[in-house]
Amino acid sequence: DAKTTQPPSMDCAEGRAANLPCNHSTISGNEYVYWYRQIHSQGPQYIIHGLKNNETNEMASLIITEDRKSSTLILPHATLRDTAVYYCIVRVAIRNFGNEKLTFGTGTRLTIIP
Amino acid sequence: DTAVSQTPKYLVTQMGNDKSIKCEQNLGHDTMYWYKQDSKKFLKIMFSYNNKELIINETVPNRFSPKSPDKAHLNLHINSLELGDSAVYFCASSTSLAKNIQYFGAGTRLSVL
């Protein structure tokens with residue numbers, strides 16, 4: 001799985017868009033970008049994933065650069081409940097019958113400021 | 001209904017004891033996992049099971065023995081507990097059809113004294 005680099009921490013004002021960057025310069029053609037987050041003392045929560053097109057769901061948007069070497073997770077209107085550690089994970093998305101382990105890095109600690 | 005539930009939520013025990021953590025998922029998934037999050041907050045895979053068959057065993061000491069009686073349950077038994085086993089243990093599940101989208105339980109905080 002390709003290695004990812006994220007800033008260790010970020011602040012964002014409540015109500016503003018939070019933009020979390022992730023570098024994955026060694027990503028290969030069949031690897032997807034996944035985002036999970038972990039709110040304090042809870043289990044990680046899936047947010048979104050994508051291959052090369054931008055993706056949006058009810059939680060967030062994912063913007064992947066054309067060369068796929070970096071991506072940005074966007075929380076459009078951050079609330080205090082979005083304070084969490086956000087993990088960017090890159091790996092293949094094949095059906096692999098149990099071998100789909102997620103390798104978590106250190107993530108970005110996002111703090112939403114009232 | 002909680003999708004992935006773990007019991008107990010907290011577990012405090014003495015060194016040398018044997019303890020079990022239980023996990024159940026009601027999502028109809030065929031794959032379940034155990035992850036360990038240590039005091040430095042690193043989250044690492046320990047085991048995965050697919051249809052009750054062990055798939056991943058990430059160099060975990062053999063004092064840790066997972067058991068999957070059916071697809072909906074994956075339990076973790078730990079023998080001869082050591083101080084270094086203190087951590088938060090997370091269970092997760094996924095379906096082989098849904099490409100690395102894993103659903104996690106709330107965690108079991110194990111403290112070994």
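Both backbone and side-chain heavy atoms feed into the values below; hydrogens, waters and symmetry mates do not. Small disclaimer: the values here were computed from a predicted structure and weren't measured. First the proteins, then the strands, lettered A, B, ... as listed; each starts at 1.
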| message | Please tell me whether B/Leu74 and B/Val60 are part of a single hydrophobic cluster in this structure, the criterion being side-chain heavy atoms less than 4.5 Å apart. | response | yes
| message | Please tell me whether B/Leu83 and B/Ile21 are part of a single hydrophobic cluster in this structure, the criterion being side-chain heavy atoms less than 4.5 Å apart. | response | yes
About how many Å separate [atom2] of [Y] and [atom1] of [X], when rounded to the nearest 0.5 Å?
X        : Y        : atom1 : atom2 : value
A/Ile47  : B/Ile101 : CD1   : CD1   : 12.0 Å
A/Thr106 : B/Leu43  : OG1   : CG    : 12.0 Å
B/Gln37  : A/Ser41  : CD    : OG    : 9.0 Å
A/Phe104 : B/Phe42  : CZ    : CZ    : 13.5 Å
A/Gln38  : B/Lys41  : CD    : NZ    : 7.0 Å

| message | Test your reading of the model: is there a side-chain donor-acceptor pair from B/Tyr35 to the backbone of A/Leu102, 3.5 Å cut-off? | response | yes
| Under 3.5 Å, is there a donor-acceptor pair between the side chain of A/Tyr36 and the main chain of B/Gln102? | yes
| task | Check whether more than 12 heavy atoms from other residues, nucleotides or ligands sit under 6.0 Å from atom CZ of B/Arg63, and answer yes or no. | result | yes
| said: Just checking B/Glu53: does its CD atom have more than 12 heavy atoms from other residues, nucleotides or ligands closer to it than 6.0 angstrom? | reply: no
| task | Counting only heavy atoms closer than 4.5 Å, note whether B/Gln6 contacts chain A via side chain, backbone, both or neither. | result | neither
